[in-house]
Amino acid sequence: MQKGKINVTSENIFPIIKKFLYSDHEIFLREIISNAVDATQKLKTLASVGEFKGELGDLTIRIQLDKKNKTLTISDSGVGMSEEEIEKYINQIAFSGAEDFLAKYKDKTEAIIGHFGLGFYSSFMVSDKVEIITRSHREDAQSVKWSCDGSPEFSIEDAKREGRGTDIVLHINKDSEEFLDEHRIDEMLKKYCRFLPIPIAFGTEKEWKDGKEVDTGKDKIVNDTNPLWTRKPADLKDEDYEKFYRDLYPASQDPLFNIHLNVDYPFNLTGILYFPKIKSNFDIQKNKIQLYCNQVYVTDSVEGIVPEFLTLLHGVIDSPDIPLNVSRSYLQSDSNVKKISSHITKKVADRLHEIFKENREQFEKKWDDLKLFITFGMITDDKFYERAEKFAMFKNTDGKYFTFEEYEKLIKENQTDKNKTLIYLYTTDTEEQYSYIDQAKNKGYDVLVMNGQLDPHLINSLESKLKDSRFVRVDSDVIDKLIVKEDKKEIDLPYEAQTELRNVFEGATNGSSQYWVQFEDMGETAAPVVITRSEFVRRMKDMAAMSGTAGFYGDMPETVNLVVNVSHPLVKTVIDQKDKSLNDKIAEFKSQLEPLSTKLDELKKATEKKKDEEISQAEKDEMDDLNKKVEEVNASKAEVLKSFGKDNKLVKQLIDLALLANNMLKGEELSKFVKRSVELIKP
Ligand code: ADP
Ligand code: MG
């Protein structure tokens with residue numbers, strides 16, 4: 001027997017392993033098994049080039065659990081190792097020094113193990129002692145046994161092994177006894193080894209016979225050595241892809257489409273991506289793509305490797321070219337990763353475009369499920385936008401779908417305003433905004449449904465990308481002003497009469513600052529009062545709400561415009577009623593105001609030509625006094641008008657009807673409205 005010291009610069013590698021790999025102990029199994037796979041594949045390669053002339057035989061890798069002796073053994077029939085090879089590959093640990101290692105990869109170590117020749121040593125995370133019993137594939141090779149108990153010392157001696165290959169015997173330590181449990185091993189095998197290219201046997205196949213479970217004595221193979229993504233797309237049917245999806249995500253609904261990735265230049269990448277059905281709450285859907293490296297499972301966190309919106313996809317990506325030995329933040333700047341990421345983006349867009357071209361009907365059917373994903377891509381990734389713009393769909397209130405280009409053509413003629421801006425009308429709620437949609441349609445306009453979670457963002461992007469275009473929600477203005485075709489004539493109501501009417505309506509809204517009273521001439525047949533919401537203010541509020549910041553717009557109460565149609569007969573009636581019942585009072589205010597304004601005019605004339613310092617204090621005081629009086633008279637007049645409005649059933653009714661049309665009449669106000677309506681109907 002020979003003894004030696006494991007060659008690392010730092011005293012002892014084991015504390016490092018234990019300290020840094022603490023959180024992820026279970027990966028030891030992946031490391032030991034992938035070594036067995038590597039050794040087996042090396043042998044196959046040697047055989048294929050004629051360097052190994054013996055029988056390959058059964059290449060199954062076997063995992064054996066011995067609970068009594070507390071060992072876990074992984075055996076392969078691969079190339080095996082000679083004593084010299086053990087010296088070279090096991091004893092001389094393949095990195096410059098533990099100190100460097102420590103300094104460099106302080107933050108993230110989980111992914112680096114396999115890439116720094118540390119793979120084998122990860123077994124010491126869970127073992128008191130590790131033995132290697134191995135025999136090289138070379139003719140007349142001598143079997144050897146290497147043994148190490150976790151100190152930097154090892155022993156090596158001759159051993160007996162039947163055929164070529166390697167057994168790694170792990171003497172599981174006290175803290176790691178979970179790894180002596182079959183179910184735990186099963187679970188780990190399923191996670192890491194499910195698609196390894198060499199058959200792996202663990203336990204035996206059981207069978208139900210006469211109501212009892214019996215051992216068949218046959219190896220239970222835990223992996224699929226030929227996973228779908230490694231096969232030729234031409235040999236596969238839709239059902240194969242669907243079945244694979246169900247295997248991967250048993251609880252999910254069927255996917256919408258799949259993409260088979262297969263690249264060998266300038267990097268190596270295979271995989272299958274699936275479009276899941278996602279309607280909302282897409283955050284929970286993330287981390288469904290599994291990343292493999294030559295069929296060895298690495299992680300299901302692909303952030304940094306694919307653009308964020310693609311993390312909504314499901315499936316597998318397998319690439320030996322993704323550097324796993326670096327931190328995630330570094331990944332994003334790695335040029336290979338960038339290429340891979342943009343390649344996947346391109347493939348995804350191409351595939352969608354292809355489906356769109358091949359079967360538009362199908363595509364439209366699936367659009368509602370795809371929309372969130374595509375929108376997410378379009379607003380976060382300009383490259384994707386450029387591609388998606390050809391197949392992204394607008395959906396209008398009739399449930400028809402249009403490409404951006406088609407839609408522009410559709411509305412160009414009728415929805416271009418006097419400034420040559422193309423106005424895209426949209427609704428966020430076809431029920432609540434029904435009356436506005438209806439009016440827009442009657443005017444020959446088309447209305448888009450933009451009720452998606454990300455649509456506000458999409459609208460912002462579209463406005464910055466589409467030339468001379470603006471998005472306007474149908475309820476943001478009265479119909480004639482949604483798309484202003486020509487300068488409108490002034491409304492036919494003198495300024496003073498407008499002020500009076502404003503006071504009347506303000507009185508009826510109980511002076512609530514929620515409503516801005518405005519006047520429009522909308523024609524006799526339009527509604528007497530309409531409620532609109534400023535597009536700008538509403539968007540600012542929406543954005544504030546979405547980003548969770550209150551701020552100026554967030555804190556603002558929801559203000560709406562109460563637009564009074566001055567040409568409506570009922571509004572004219574209100575004006576008549578006001579004139580009739582307040583004529584005397586208004587005349588009185590007028591007579592109070594007249595002398596005041598005459599005096600003011602005189603004073604103004606007298607002081608007009610004077611410089612400020614030439615105006616006497618007496619004159620100034622008189623002016624202030626007059627102004628104050630005018631204000632007082634106006635205020636009293638407004639009070640009278642407001643109190644008239646407050647008690648006027650017709651005004652109340654008109655406002656309530658407008659509110660009702662917007663689903664804004666609630667509680668006490670609603671019940672008052674109902675009562676008032678009954679009274680008004682009374683013959
Ligand atoms: P890596 O796999 O990255 O080379 P490891 O620490 O996992 O690093 O393994 C070190 C080396 O030990 C391998 O490169 C290989 O030469 C040798 N080795 C490990 N396990 C086996 C095995 N089962 N059969 C043959 N050689 C092995
Ligand atoms: Mg390895």
Side-chain angles (χ1 to χ4, degrees), residues 24 27 30 108 110-111 190-196 223-224 227-231 233 236 240-263 267-279 281-324 326-329 331-332 334 336-352 369-370 372-377 380-381 383-384 388:
D24 225 2
I27 54 92
R30 173 186 76 186
K108 265 288 171 249
E110 351 154 309
K190 186 153 193 213
K191 179 165 173 191
Y192 294 108
C193 305
R194 197 166 173 188
F195 300 116
L196 284 176
N223 57 330
D224 169 3
L228 213 63
W229 74 85
T230 61
R231 289 156 60 185
L236 300 170
D240 297 320
Y241 289 105
E242 277 159 28
K243 184 178 172 301
F244 188 62
Y245 186 79
R246 277 195 299 274
D247 287 347
L248 287 176
Y249 313 103
S252 297
Q253 278 183 289
D254 278 350
L256 298 169
F257 312 113
N258 63 271
I259 304 177
H260 199 142
L261 300 162
N262 202 338
V263 197
F267 48 82
N268 227 296
L269 178 112
T270 49
I272 300 173
L273 293 177
Y274 292 93
F275 291 86
K277 285 190 179 163
I278 19 175
K279 280 185 171 145
N281 289 339
F282 49 89
D283 283 329
I284 6 173
Q285 306 275 342
K286 283 186 185 171
N287 289 343
K288 289 269 190 161
I289 297 183
Q290 302 180 353
L291 185 65
Y292 289 79
C293 178
N294 291 324
Q295 294 173 238
V296 183
Y297 173 84
V298 180
T299 175
D300 61 4
S301 150
V302 291
E303 265 141 82
I305 296 166
V306 300
E308 202 192 345
F309 76 98
L310 290 179
T311 61
L312 298 183
L313 296 182
H314 296 174
V316 293
I317 294 175
D318 188 337
S319 175
D321 291 329
I322 297 172
L324 298 165
V326 296
S327 72
R328 285 282 148 148
S329 56
L331 259 188
Q332 273 144 337
D334 182 89
N336 233 350
V337 172
K338 269 192 193 149
K339 268 186 229 147
I340 290 175
S341 167
S342 67
H343 179 83
I344 297 174
T345 310
K346 180 179 176 311
K347 278 283 162 193
V348 167
D350 286 351
R351 176 82 178 115
L352 287 166
D369 289 314
L370 277 173
L372 186 69
F373 163 79
I374 294 178
T375 308
F376 190 16
T380 54
D381 189 322
K383 276 262 163 61
F384 185 76

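- Ring planes of W229 and F195: perpendicular class, angle over 60° (limits at 30 and 60°).
- Remark: T230 OG1 to I272 CD1 distance equals 8.5 Å, nearest 0.5 Å.
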Intermediate values then yes/no, side chain to side chain contact (heavy atoms under 4.5 Å, CB included), K347 and L273: CA-CA 10 Å; K347 278 283 162 193; L273 293 177; over 6 Å; no
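- Across S319 and N268, no two heavy atoms sit closer than the pair OG-O, 2.6 Å.
- Looking at F244 and L236, their side chains never come closer than 4.5 Å, going by heavy atoms from C-beta outward.
- Ring geometry for Y297 versus Y192: interplanar angle over 60°, hence perpendicular rather than tilted (30 to 60°).
- Side-chain atoms of D318 do not come within 3.5 Å of backbone N or O of T270 as any donor-acceptor pair.
- Using a 4.5 Å heavy-atom threshold, the side chains of F275 and D369 count as separate.
- Rounded to the nearest 0.5 Å, atoms CG (L256) and CG (L313) are 10.5 Å apart.
- Remark: N223 engages no residue in a side chain to side chain donor-acceptor pair (under 3.5 Å) (not counting sequence neighbours).
- The line from CG of L310 to CD1 of I289 is 6.5 Å long, rounded to the nearest 0.5 Å.
- Applying the side-chain hydrogen bond (donor to acceptor under 3.5 Å, both in side chains) definition to pairs two or more places apart or across chains, those involving residues 242-253 are K243-D247, Y245-H314.
- Here the closest heavy-atom approach between residue H343 and residue V263 is recorded as NE2-CG2, 3.1 Å.
- With values rounded to the nearest 0.5 angstrom, L196 atom CG is found 12.0 Å from R194 atom CZ.
- Between T311 atom OG1 and D300 atom CG the span is 11.5 Å, to the nearest 0.5 Å.
- Contact between C293 and P320 at its shortest, heavy atoms only, is SG-CA, 3.9 Å.
- A heavy-atom distance below 4.5 Å is not found between the side chains of T375 and F309.
- Shortest non-hydrogen contact noted between L248 and G315 is CD1-CA, 4.5 Å.
- With a 4.5 Å cut-off on side-chain heavy atoms, L352 and F373 count as touching.
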Trace of the side chain to side chain contact (heavy atoms under 4.5 Å, CB included) decision for Y274 with K288: CA-CA 10 Å; Y274 292 93; K288 289 269 190 161; over 6 Å; no
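- At a threshold of 4.5 Å between non-hydrogen side-chain atoms, the residues P233 and Y241 count as touching.
- Taken to the nearest 0.5 Å, the CG atom of L261 stands 7.0 Å off from the CD1 atom of I317.
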